[in-house]
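In what follows, a single structure is set out as structure tokens and then discussed.
Each chain gets a letter, A, B and so on, in the order its sequence line appears, and its residues count up from 1.
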Amino acid sequence: MLFDKPDAEPDNIASVLVPVAVPGAYTYLVPPGEQVQPGTIVRVPLGTREVVGAVWDIEPDVAINPKKLKTITHIYKDARPLDANLRRFVDWVANWTLGAPGMVLRMVLRSEEALLPEAPVPGVRRIEGAEPDRMTSARQRVLATMEDGLAWTKSGLSHAAGVSGSVIDGLLHQGVLEVVSLPAALPTPPPDIDFARTNLNPAQRRAADQLIAAFDEGGSISLVDGVTGSGKTEVYFEAIAEAMRRGKQALILLPEIALTEQFLRRFEKRFGVYPAEWHSEITPKKRGRVWRGAASGDVRVVIGARSALFLPFVDLGLIIVDEEHDAAFKQDDRVPYSARDMAVVRGHISKFPVILASATPSVESRVNADLGRYRHLVLPERATGAAMPELHAIDMRHEGPERGHWIAPRLLEAIKGAYGDGAQTLLFLNRRGYAPLTLCRTCGHRFQCGHCSAWLVEHRFQKRLVCHHCGHFEKVPESCPSCGTVDSLVACGPGVERIAEEVCSKFPEARVLVLSSDLPGGPDRLRREMKIVEEGGADIVIGTQLVAKGHNFPKMRVVGVIDADLGLANGDPRAAEKTFQLLGQVTGRAGRVTGGGLGFLQTYSPDHPVISALLSSNMDDFYTAEIAARRAAGLPPFGRLAAVIVSGPDKVFADGYVRSLSRAAPRVQAVTILGPAEAALAMVRGRYRFRLLAIAPRQFDLQGYMQHWLDCGPKPTKGLRVQIDIDPQHFL
DNA sequence: AGCACGCCGACT
DNA sequence: GTCGGCGTGCTC
């Protein structure tokens with residue numbers, strides 16, 4: 001076929017990545033007289049609408065009829081083109097996740113406001129020589145405040161001079177002041193490297209020095225592995241200071257939940273200002289400012305949730321992933337990625353250091369450290385000098401509480417002691433509601449969710465039976481729906497509400513607080529209540545896993561884990577790891593500032609490697625045992641490939657399926673996690689050992705799918721997501 | 001007939 | 001991801 005459209009000469013066309021799930025870039029005509037380069041952000045027609053995309057380096061692989069080509073409708077000249085490293089990163093992530101590059105680009109271009117320059121702020125300035133008709137004391141104060149001749153915003157001026165806005169309006173009206181345009185405000189002023197130097201203890205100093213030395217290595221990874229309270233944050237703050245000294249920007253990634261006021265205040269204490277924030281709840285206006293600030297270099301330090309990893313930093317020189325073991329770094333929808341792994345990739349591409357920090361590192365990070373791929377920096381002691389809490393097992397087989405109670409006598413004694421001294425106790429049980437299972441005493445009927453076959457959990461405050469899997473709920477009935485007997489329903493096992501009931505009966509005078517995500521009032525109430533605990537406004541706190549994260553409770557002396565075995569046998573190959581991390585974080589809350597914390601683990605299996613490692617306070621015991629256990633179970637070596645695959649079109653259904661599967665066949669284990677194209681390919685090519693641990697909700701030929709993918713290239717398949725948890729180290 | 005809903009394919 | 005087209009099935 002002959003295409004002879006003279007306009008479609010190569011210099012008039014451009015590859016544009018559009019934010020939709022198509023396999024590659026599309027071709028557009030560049031408007032006459034205009035110029036674009038790779039990275040230029042443009043608006044293009046796509047189907048019936050217009051979308052924002054970016055000019056890309058890759059050539060479209062299908063030649064299309066030049067007559068079909070549409071023309072770029074707008075070039076965002078005020079937005080800095082995305083640099084080559086960021087473009088490589090986008091391509092890399094797309095390849096890794098089997099996703100469309102356009103969908104990854106979409107994560108970069110998530111702020112529409114960012115693409116246009118911010119409207120200048122109106123301000124006022126003194127007109128040289130002009131005087132008001134009458135001088136009043138309010139006018140006097142305004143003019144005195146403006147002595148320096150600089151321009152002010154109206155609100156800033158009225159505040160500074162202590163007058164109302166109408167005084168300024170009056171002066172404007174008289175021609176004494178004029179309206180001028182002020183440049184838009186920065187999202188935050190630059191941090192001051194020398195604002196308040198921290199006194200580091202020798203271990204912290206050594207770690208900080210190594211992090212600083214890492215800047216000369218052009219891209220290396222450090223695992224900062226320190227017990228709760230060891231001052232990891234202060235140590236990596238020194239790396240941030242070093243990045244700034246070298247004129248580089250820094251990014252701190254935190255799991256969403258930990259984006260707390262508390263952390264921002266710590267940053268302010270060291271650097272004099274709050275860092276720029278980036279997370280899902282930031283307002284569009286601020287979002288635009290931070291995006292633009294990152295791209296222009298006006299913003300030097302960003303603290304954000306995982307999506308901050310896709311900001312277009314002009315000169316990024318450091319990424320810190322704090323609480324690197326946290327599952328919140330994994331995105332499960334749209335482009336499934338692990339921000340921790342992709343941070344490592346971004347650092348590798350741009351050749352700058354990446355720091356992973358945790359008191360309970362993930363097994364794969366520990367393995368990478370042991371193998372020498374990561375620099376391993378250990379902070380063995382609390383920075384304050386406070387001792388680590390003394391942990392004790394309470395063997396429920398021998399010293400458990402009486403029937404129908406859940407707190408063992410020894411733990412009760414400890415609570416009593418702390419309460420008597422005015423110190424706080426935390427009781428941890430990772431189970432919301434009153435009781436996890438309700439059954440009929442007469443006929444044995446068990447309340448089950450009609451959607452997903454999980455047990456319905458009684459929530460006594462709300463008078464409901466709730467499915468914790470799919471959110472389905474129903475009223476607690478008066479009589480058994482199966483045999484009709486009235487008053488025959490019995491609650492089995494404890495939830496936090498039931499523990500609270502027991503605590504209240506044993507300590508009727510104590511101030512008892514339940515911290516659970518499902519209580520009415522939402523995040524605001526939780527934030528308030530966390531603050532109450534922090535300030536000592538509660539004596540006994542009963543909490544689910546949300547007490548494990550982010551917050552620091554300085555007055556907590558005793559921590560009691562009601563059921564330390566919970567979660568150890570739930571069919572997830574990471575069960576031991578997750579439990580270790582959770583209990584490690586929770587028990588770390590004890591005695592963090594006030595010396596001599598006490599921890600109790602109520603357990604039926606005190607010899608389980610997770611429990612005994614926690615008791616020995618030697619974290620290495622856990623990693624050694626866990627690595628050996630996974631080897632023995634035939635799981636592939638870490639960093640090669642762990643696990644599996646599959647969630648179906650309906651994730652709830654898939655989860656329910658996996659649960660019932662592991663109940664029916666305890667040896668079948670399942671995980672759903674994130675993963676890479678290369679791993680899938682390697683799997684098909686037989687380069688890696690793997691074991692299929694879970695099965696898709698429907699009969700699914702994984703091997704066949706992968707082969708097809710190999711033969712025909714990536715093809716989005718409806719209703720299927722391939723998710724493999726693998727460490728990108730092998731592919732860098 | 002008229003419309004709500006779901007599935008499918010195209011989008012340069 | 002988003003839209004339009006088209007089929008199915010149900011209601012005014």
Could you give the NZ-to-C1' distance, from A/K70 to B/dT12, as a whole number of Å?
8 Å
Indicate whether OP1 or OP2 belonging to B/dT12 is found under 4.0 Å from a side-chain N or O atom of A/K67.
no
Selection residues 293-313 of chain A - residue pairs positive for ring-ring contact (aromatic ring centres under 6.0 Å, His included), sequence neighbours left out:
A/F89-A/F310, A/F310-A/Y337
Matching residue for A/D315 among A/Q249, A/R300, A/K248 - test: side-chain hydrogen bond (donor to acceptor under 3.5 Å, both in side chains)
A/K248
Charged N to carboxylate O below 4.0 Å: is that the case for A/E281 and A/R287?
no
Euclidean distance, atom CZ of residue A/R49 to atom P of B/dT12 [Å, nearest integer]:
10 Å
Whole-Å distance, A/W56 CH2 to B/dT12 C1', equals 17 Å
Taking atom CZ of A/R88 as the centre, report whether more than 12 heavy atoms of other residues, nucleotides or ligands fall under 6.0 Å from it.
no
Expressed as a whole number of angstroms, how long is the span from A/L17:CG to B/dC11:P?
17 Å
Let me know the distance between CG of A/L69 and P of B/dC11, rounded to the nearest Å.
13 Å
Protein-nucleotide distance (A/L46, atom CG; B/dC11, atom C1'), rounded to Å:
5 Å
Please tabulate, one pair per line, all N/O donor-acceptor pairs under 3.5 Å involving side-chain atoms of residues 103-111 of chain A, not counting sequence neighbours.
residue: A/R106; atom: NE; partner: A/P19; partner atom: O; Å: 3.3
residue: A/S111; atom: OG; partner: A/A114; partner atom: N; Å: 3.3

Could you give the CD1-to-P distance, from A/I13 to B/dT12, as a whole number of Å?
15 Å
Does a salt bridge link A/R373 with A/E364, judged by any charged N lying under 4.0 Å from a carboxylate O?
no
Does anyone know the first and last nucleotide of DNA chain C in reach of chain A, 5' to 3', at under 4.0 angstrom to a heavy atom?
C/dG1 to C/dG4
